[in-house]
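Submitted below is the structure of interest, expressed as structure tokens.
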Amino acid sequence: MLDIKSLRENPEAAKTKWASRGLDVDVEALLAKDVRRREIITELEQLQHTRKASSKEIGMKKKAGEDATEAMAAVRAIGDQISALEKEKAEVNEALDLELLSLPNFPHDSVPVGHSEADNPVIRTWGQPVEMDFEPKAHWELAEALGIFEFERAAAISGAGFSCLTGAAARLSRGLISFMLDLHITEHGYTEVQVPLLVNDDAMTGTGQLPKFAEELYRVPEDNLWLIPTAEVPVTNLYRDHIFDADDLPMSLTAHTPCFRREAGAAGKMTRGMNRLHQFDKVEMVKFVKPADSYAELEKLTGHAEAVLQKLGLHYRVITLCTGDVGFSSAKTYDIELWAPGQQAWLEVSSCSNFEDFQARRAKIRYRNEQGKPVMVHTLNGSGVALPRLLVAILEQGQQADGSIVIPEVLRPYMGGMEKIG
RNA sequence: GGAGAGAUGGCUGAGUGGUCUAAGGCACCUGAUUGCUAAUCAGGCGUACGAAAUUUUCGUACCGGGGGUUCAAAUCCCCCUCUCUCCGCCA
């Protein structure tokens with residue numbers, strides 16, 4: 001959510017920022033509601049002031065044994081006015097909030113202007129495609145031959161878009177989770193947390209999934225809960241309504257969770273094999289930082305995700321999402337993409353974003369600054385990294401002519417010393 | 001799932017309809033004082049929003065959340081959430 005005050009002060013700048021996302025926003029209508037809202041508040045406060053004073057007088061009169069019938073009637077009339085105004089205030093607030101909650105963040109000035117993912121610039125590439133003197137296979141072919149992915153069995157119990165890892169793949173997945181968490185907590189300064197996978201409306205609103213993206217979420221109506229689409233939701237909301245001391249920041253948290261996504265409308269897009277699933281595992285990194293530090297922290301965070309891939313020896317590239325492609329809540333996002341030689345495609349495995357104070361304002365996450373005043377923190381998060389496509393890259397980049405898979409060295413301790421699959 | 005008890009500021013804890021403008025204590029900040037890891041004294045010490053001023057002042061709201069009764073609600077009533085105790089069930 002954006003600050004209504006900043007819109008009030010500079011409506012033209014806001015229009016321009018939203019226009020760069022391809023959005024035409026009627027800022028004037030929004031501000032008109034804000035003006036009415038403040039009028040109501042002023043009027044209401046005056047009435048409340050009168051009622052408060054008069055009620056006190058009535059109390060004193062009664063105590064003194066005087067008659068207060070007339071004053072009581074007068075205050076009752078004020079009470080009616082107050083009720084009416086409060087109703088209008090609630091309506092205006094609700095309308096204004098809904099609009100504000102539905103408007104995306106402003107892209108940062110350093111974000112390249114563009115219309116779609118075609119305009120996202122590649123800012124660096126690490127490693128090389130592995131030289132293969134044979135035709136590389138897609139991971140689903142490799143895995144089928146090795147008997148380590150069982151999609152049909154998963155489909156039989158849950159439908160399309162679910163996976164079942166068997167044997168070495170399951171162990172590899174578990175090893176990767178441990179490897180990534182260990183790396184982040186021992187070398188990157190994160191604290192590991194285990195969090196709920198089912199969360200309430202407030203949590204989903206805090207990080208921006210609601211009210212706009214309900215159709216992407218699985219829900220449990222009996223209990224009014226939602227399945228998390230990413231650990232970002234419970235981890236960021238750990239500090240909802242919290243005021244940090246300045247010394248607490250930056251705070252860096254990492255968590256492994258499954259993620260649940262309906263992927264409504266994504267049918268047909270790269271859905272083969274492990275590329276896109278309704279349920280997948282992910283290690284997530286979340287940071288709460290002082291506003292002045294947030295862009296430096298975004299670079300560090302992205303570096304932490306890259307470190308995972310570098311230690312695994314995987315060829316990847318980093319791109320900046322342009323204004324037309326950057327996510328709803330984000331001010332700036334780097335995507336990290338792994339090369340999948342069997343599909344001749346780049347697969348997104350990590351998305352590292354600075355939300356500035358957009359989530360913090362929704363979730364009321366603040367810190368006490370040097371003057372002792374509470375101000376919004378900046379929140380960041382990034383995948384560090386997502387499992388299925390990481391497995392895809394390990395399989396496709398590590399494949400040998402005989403169909404076996406070489407296990408990256410750093411993972412072998414997690415695999416009981418195993419050097420290859422197959 | 002059943003029964004009971006509770007939820008008040010950063011923490012602790014009083015307050016059962018009317019100067020509550022929420023006591024007291026702890027912690028913290030500022031100053032004074034005392035010759036020493038500190039004590040004592042005085043003062044300060046929440047959040048949000050609005051108005052005026054321009055860095056201060058005034059006002060309103062906030063005692064788990066929501067609604068109600070009343071001239072007036074931390075206080076009375078209803079619903080919800082959470083915590084604790086006991087019982088049941090259970091990995």
Side-chain angles (χ1 to χ4, degrees), chain A residues 1-9 30-101 194-206 210 219-226 234 237-249 251 258 288 357 359-377:
Chain A
M1 177 159 56
L2 290 151
D3 188 5
I4 187 76
K5 283 181 200 157
S6 72
L7 296 184
R8 217 184 281 159
E9 281 160 20
L30 209 61
L31 289 177
K33 283 202 184 77
D34 177 52
V35 168
R36 179 62 193 142
R37 187 184 128 260
R38 285 182 292 152
E39 283 171 1
I40 293 170
I41 288 171
T42 305
E43 203 176 328
L44 195 58
E45 288 185 351
Q46 282 164 358
L47 288 170
Q48 284 170 327
H49 179 61
T50 310
R51 175 169 72 175
K52 206 172 167 181
S54 303
S55 292
K56 202 171 272 182
E57 277 173 36
I58 292 169
M60 287 158 88
K61 270 189 186 170
K62 285 198 154 185
K63 204 169 260 178
E66 294 170 35
D67 177 62
T69 318
E70 212 171 294
M72 279 162 65
V75 177
R76 188 196 297 263
I78 292 172
D80 291 343
Q81 278 179 274
I82 288 175
S83 302
L85 267 182
E86 272 176 347
K87 194 170 165 233
E88 192 188 347
K89 182 181 155 191
E91 285 165 4
V92 172
N93 268 343
E94 197 180 332
L96 195 58
D97 278 353
L98 187 64
E99 283 188 49
L100 282 174
L101 287 171
Q194 274 193 19
V195 290
L197 308 180
L198 292 160
V199 302
N200 60 26
D201 285 6
D202 286 343
M204 284 296 186
T205 305
L210 292 179
R219 58 187 290 245
V220 184
E222 291 81 359
D223 297 290
N224 234 332
L225 293 168
W226 306 83
N237 278 287
L238 284 177
Y239 291 100
R240 178 149 43 109
D241 290 322
H242 184 68
I243 302 178
F244 286 105
D245 289 332
D247 299 345
D248 298 335
L249 306 179
M251 173 162 288
F288 303 94
D357 62 8
Q359 290 181 330
R361 183 167 298 108
R362 288 173 163 241
K364 295 194 181 63
I365 305 172
R366 293 170 288 176
Y367 83 105
R368 236 168 252 288
N369 68 10
E370 288 66 22
Q371 289 76 44
K373 291 284 159 228
V375 294
M376 299 298 167
V377 301

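All values derive from a computational prediction rather than experimental measurement. All chains are named by letter (A, B, ...) in the order of the sequence lines, taking the proteins before the strands, and each is independently numbered beginning at 1.
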Integer-rounded Å distance: B:U81 C1' and A:L225 CG: 12 Å
A:N200 side-chain N/O to A:D202 backbone N/O, donor-acceptor pair under 3.5 Å: yes
Spacing of the P atoms in B:G59 and B:G2 (rounded, Å): 49 Å
Polar atom pairs (N or O), protein with nucleotides 47-51 of chain B, under 3.5 Å:
| unit_1 | atom_1 | unit_2 | atom_2 | d |
| --- | --- | --- | --- | --- |
| B:U47 | OP1 | A:R368 | NH1 | 2.8 |
| B:U47 | O3' | A:R366 | NH1 | 2.9 |
| B:A48 | OP1 | A:R366 | NH1 | 2.7 |
| B:C49 | O3' | A:R37 | NH2 | 3.2 |
| B:G50 | OP1 | A:R8 | NH2 | 3.4 |
| B:G50 | OP1 | A:R37 | NH2 | 3.4 |
| B:G50 | O2' | A:T42 | OG1 | 3.1 |
| B:A51 | OP1 | A:R38 | NH1 | 3.4 |

So which protein N/O to nucleotides 72-78 of chain B N/O distances come out below 3.5 Å?
| unit_1 | atom_1 | unit_2 | atom_2 | d |
| --- | --- | --- | --- | --- |
| B:A72 | O4' | A:S55 | OG | 3.1 |

5′-ward residue of the pair A:K62/A:K56 relative to RNA chain B: A:K56
Pairwise C1' distance for B:G15 and B:G9, with rounding to whole Å: 14 Å
Contacts of type side chain to side chain donor-acceptor pair (under 3.5 Å), residue A:K364, not counting sequence neighbours: none
Below 4.0 Å: OP1/OP2 of B:G18 and any side-chain N or O of A:K61: no
Euclidean distance, atom CD of residue A:Q48 to atom C1' of B:C62 [Å, nearest integer]: 12 Å
Value in whole Å for how far the P atom of B:C82 lies from CG of A:N224: 12 Å
Whole-angstrom distance between B:U69 and B:U75, as gauged at atom P: 15 Å
Parallel, tilted or perpendicular: rings of A:F288 and A:Y239 (30°, 60°): perpendicular
B:U70 versus B:C77 - spacing of their P atoms, nearest Å: 16 Å
Sugar-phosphate, base or nothing in reach of A:K52, heavy atoms under 4.0 Å: sugar-phosphate
side-chain N/O A:H49 vs B:G59 OP1/OP2, d < 4.0 Å: no
Heavy atoms from other residues, nucleotides or ligands near CD of A:Q194 exceed 12 (cutoff 6.0 Å): no
Cationic N near anionic O, under 4.0 Å, A:D34 to A:R38: yes
A:E43: side chain to side chain donor-acceptor pair (under 3.5 Å) partners, not counting sequence neighbours: none
Close side-chain approach of A:V375 to A:Y367, heavy-atom, < 4.5 Å: yes
A:N93 CG - B:A61 C1' separation (whole Å): 13 Å
From CG (A:L100) to CG (A:L7), nearest 0.5 Å: 6.5 Å
Distance between C1' atoms of B:U37 and B:A73 (Å, rounded): 50 Å
C1' gap between B:C84 and B:U30, integer Å: 40 Å
Test side-chain contact (heavy atoms from CB on, under 4.5 Å) applied to A:K5 - qualifying residues, sequence neighbours left out: A:D3, A:R8
Secondary-structure stems for RNA chain B, with pairs counted as Watson-Crick or G-U when both distances are under 3.5 Å and runs at least 3 long: B:1-7 with B:81-87, B:10-12 with B:24-26, B:28-32 with B:40-44, B:46-52 with B:56-62, B:64-68 with B:76-80
Between B:C80 (P) and A:D202 (CG): distance, integer Å: 18 Å
Separation of the C1' atoms in B:U40 and B:U33, to the nearest angstrom: 8 Å
C1' spacing across the pair B:G13 / B:C20, given as an integer number of angstrom: 16 Å
Between C1' of B:C82 and CG of A:D223, the distance in whole Å: 15 Å
Separation of atom CG in A:D245 from atom C1' in B:C11, rounded to whole Å: 13 Å
Heavy-atom pair with the smallest gap, counting every atom of A:A203 and A:N237: O-ND2, 2.8 Å
Atom-to-atom span, CG of A:D241 to C1' of B:C82 - whole angstrom: 15 Å
Side-chain heavy-atom pair A:H49, A:Q46 within 4.5 angstrom cut-off: no
Pair A:K62-A:M72, side chain to side chain contact (heavy atoms under 4.5 Å, CB included): steps then yes or no: CA-CA 11 Å; A:K62 285 198 154 185; A:M72 279 162 65; 3.9 Å; yes
Residues A:K89 and A:E86 bridged, charged N to O under 4.0 Å: no
